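Here's the structure, in structure tokens; my notes come after.
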Amino acid sequence: DGERAYLNYERYEESVFVVEKAFSLLVDEHAPATWFNESSFTVQTPQRLSEILDNISKHYFDPFIEQHVVPDIISAKPDVLAFSVVTIAQFAAAISTAHQIMATGHRPDHILLGGPLMIAMSKFLESNRRVYDYFDGVVMGPGEASIFHPEVDLSDLPELPGLMHRTPKKIVCNPPWTISGGQSKAALPDFSDLDLDAYYSPQPILPYLSSEGCYWGECAFCTHPNVGGGYKYKPADRVVNELGVLAKHYSVRDFHLVDSAIPPKTMKAFPDLARQQGLDIKWYGNVRAEKTFKRDFLQALYDTGCRGLLFGVESGNQRVSDLMEKGYELQTVKQMLQDCRKIGITSVVLTFLGFPTETYAEAGDTVDFLREVRPYTAYGTYISGRFAAYENTKVVDKPGDYAITLNFDDTREPDKLFLQTGGLRFTDVSEAGYGKLMDHLTGEGRGIFPDFIPWDGGHFLFTPGYDDLNKNK
């Protein structure tokens with residue numbers, strides 16, 4: 001039946017391939033139109049953003065925006081049009097939409113840009129004046145904290161807290177609102193404009209953010225410590241209350257906590273607060289493998305709705321893990337995964353290969369680690385990808401500490417993006433070399449875990465009958 005078919009990852013993967021292939025063929029047919037399908041951002045991203053600015057009105061989806069998006073915006077007559085950009089493709093869509101809206105003569109009072117990608121690309125935005133031909137400014141932080149603050153007067157936009165904008169002489173960024181106690185001012189999500197019944201999952205799953213940034217903030221490869229205005233959180237009682245409000249208002253029981261890492265304080269307080277408020281939901285989210293996550297604690301999480309935890313382990317070698325500054329003891333991680341399996345919480349282990357100085361043998365340790373924990377992770381174990389050098393990270397800010405030399409002059413060639421003085425050759429973990437590396441390490445290539453479901457299939461956790469499938473795995 002349809003619900004069981006939804007669990008078939010091979011069919012899902014094949015469908016995604018077909019859609020992406022169809023788009024690429026259509027774009028080739030309509031050259032010079034371009035299609036930016038990149039989702040992650042690295043030190044190459046500024047060049048990609050510049051390419052988008054160089055190709056205004058040459059994006060493949062321009063006709064769709066002209067026919068369907070622009071008329072809807074004009075009819076709504078917004079005072080403020082704001083774009084939250086997470087991926088490179090969304091930046092292209094935002095630029096195209098803003099450009100076309102301005103061409104109609106029905107320009108809103110203000111057109112703003114924001115979102116995680118823009119915050120991460122702050123250096124690019126500080127030096128590229130062309131962006132501000134289409135946007136009045138870029139909000140560096142939660143938009144609602146700036147736009148809807150009771151003290152904000154949008155008629156005086158240049159004074160908007162956290163706004164990066166162009167002046168006649170230079171690009172400036174206003175200081176954000178100060179938030180006492182590190183508490184988040186993020187608003188309760190509003191999904192009222194969405195038809196939740198139109199999604200393909202058997203039932204809707206709502207995203208919820210309980211914190212911004214990362215409470216750990218030490219990982220050498222990660223951008224979170226250096227962008228977005230620092231770490232902020234919602235108190236646990238507020239989290240439980242808001243989840244209850246959303247569950248009741250939208251008649252849903254399933255949630256994805258989309259934090260970079262759910263704060264331990266929130267998780268420890270969650271079971272008692274959930275019981276007190278009669279919160280009846282299922283949820284999953286990203287966590288760090290903290291030593292305090294003992295079996296009785298994990299059981300309490302399961303009893304109050306936790307069905308999946310995503311662990312960013314990154315490496316199965318202790319030396320590499322320490323160099324990454326993960327703060328993990330891998331033996332503790334293994335025990336935690338065993339406990340989750342016994343309790344009924346599905347674990348997903350995220351790793352990558354190619355961190356600077358990682359040797360061939362150490363990369364093999366990660367494969368061996370995944371083999372060892374596979375019985376405890378049900379559908380979840382897999383190697384998630386290759387190392388990429390991101391702006392605003394320790395690796396890029398201090399490359400000498402990691403035995404690499406960045407090569408910004410050749411950013412179109414991933415194999416030449418950085419040079420290592422020790423460890424794996426970057427060509428081993430490039431797009432071309434990754435498959436070959438996996439073949440050598442595993443002897444069976446990408447088929448090392450033939451029955452996995454990757455973490456972005458979190459919807460599977462809530463499909464009717466999934467619990468039985470998991471227990472029988």
Side-chain angles (χ1 to χ4, degrees), residues 3-4 6-9 12-13 199-211 214 236 239-240 243 246-247 252-264 266-268 270-271 274 279-290 292-314 328 332-351 370 373-384 449 451-473:
E3 291 177 351
R4 291 277 169 168
Y6 190 80
L7 286 169
N8 190 328
Y9 176 70
Y12 166 79
E13 188 178 44
Y199 288 82
Y200 291 126
S201 57
Q203 61 263 26
I205 299 171
L206 296 184
Y208 178 81
L209 188 68
S210 76
S211 65
C214 177
V239 171
V240 172
L243 287 170
L246 293 171
V252 299
R253 292 187 60 232
D254 304 324
F255 291 87
H256 177 192
L257 272 63
V258 293
D259 305 46
S260 299
I262 305 171
T266 299
M267 297 181 71
K268 289 177 181 178
F270 186 90
L279 184 65
D280 182 19
I281 64 170
K282 291 182 180 179
W283 60 273
Y284 75 105
N286 301 309
V287 296
R288 281 180 45 79
E290 301 290 357
T292 54
F293 289 5
K294 304 297 184 182
R295 184 170 178 175
D296 57 347
F297 170 67
L298 294 169
Q299 182 67 58
L301 291 180
Y302 179 87
D303 293 341
T304 48
C306 178
R307 291 297 180 268
L309 295 175
L310 288 70
F311 296 94
V313 177
E314 320 308 357
Y328 286 163
T332 301
V333 176
K334 293 176 185 178
Q335 182 60 54
M336 192 176 306
L337 295 173
Q338 292 182 47
D339 290 341
C340 284
R341 182 72 176 105
K342 292 175 182 177
I343 291 167
I345 295 175
T346 296
S347 301
V348 178
V349 176
L350 309 178
T351 63
L370 292 175
V373 302
R374 180 184 178 187
Y376 314 128
T377 55
Y379 290 105
T381 302
Y382 73 112
I383 290 180
S384 59
F449 304 115
D451 54 359
F452 76 86
I453 291 177
W455 71 269
D456 57 354
H459 293 68
F460 294 90
L461 300 178
F462 310 116
T463 301
Y466 175 80
D467 285 340
D468 293 336
L469 287 171
N470 191 22
K471 291 174 181 176
N472 292 331
K473 184 66 185 172

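Values below: every heavy atom of this structure, side chains too, minus hydrogens, waters and symmetry copies. Please read all numbers here as calculations on a predicted model, not as lab measurements.
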Donor-acceptor under 3.5 Å (Asp259 side chain, Ser210 main chain): yes
Salt bridge (charged side-chain N to carboxylate O under 4.0 Å, His left out) involving Asp303 - partner list, sequence neighbours excluded: none
Atom of Arg253, atom of Asp280 and distance for their closest heavy-atom approach: NH2-OD1, 3.0 Å
Residues Val349, Leu370; criterion side-chain contact (heavy atoms from CB on, under 4.5 Å); working and verdict: CA-CA 8 Å; Val349 176; Leu370 292 175; 3.8 Å; yes
Check: Arg288 and Tyr328 side chains under 4.5 Å, non-hydrogen atoms: yes
Distance in Å, Gln299 CD paired with Ile343 CD1, rounded so as to fall on 0.5 Å steps: 5.0 Å
For Pro271 against Lys268, the heavy-atom pair lying closest together: CD-O, 3.6 Å
Euclidean distance, Gln338 CD relative to Lys334 NZ, rounded to 0.5 Å: 9.5 Å
Nearest heavy-atom neighbours spanning Met267 and Leu309: CE-CD2, 4.4 Å
Partners meeting side chain to side chain donor-acceptor pair (under 3.5 Å) with Gln335 (sequence neighbours left out): Asp339
Between OG1 on residue Thr346 and CZ on residue Arg307, distance to nearest 0.5 Å: 9.5 Å
ring-ring contact (aromatic ring centres under 6.0 Å, His included) partners of Phe293, counting only residues at least two apart: Phe297
OG on Ser211 to CG on Asn286, rounded to 0.5 Å: 10.0 Å
Euclidean distance, Cys306 SG relative to Leu257 CG, rounded to 0.5 Å: 9.0 Å
Atom of Val239, atom of Tyr208 and distance for their closest heavy-atom approach: CA-OH, 3.4 Å
Heavy-atom closest contact (Met336 atom, Phe311 atom, distance): SD-CE2, 3.6 Å
Donor-acceptor under 3.5 Å (Tyr376 side chain, Cys340 main chain): no
Contact summary for Pro264 and Glu290, nearest pair of heavy atoms: CG-CG, 4.1 Å
Note, Trp283 side chain near Leu206 side chain (heavy atom, < 4.5 Å): no
Under the side-chain contact (heavy atoms from CB on, under 4.5 Å) test, residues paired with Ala274 that sit two or more places apart: Phe270, Leu279, Thr304
OG on Ser347 to CG on Leu337, rounded to 0.5 Å: 5.0 Å
Donor + acceptor pair across side chains of Tyr284, His256 (<3.5 Å): yes
Check against side-chain contact (heavy atoms from CB on, under 4.5 Å), Phe255 and Leu243: CA-CA 8 Å; Phe255 291 87; Leu243 287 170; 3.7 Å; yes
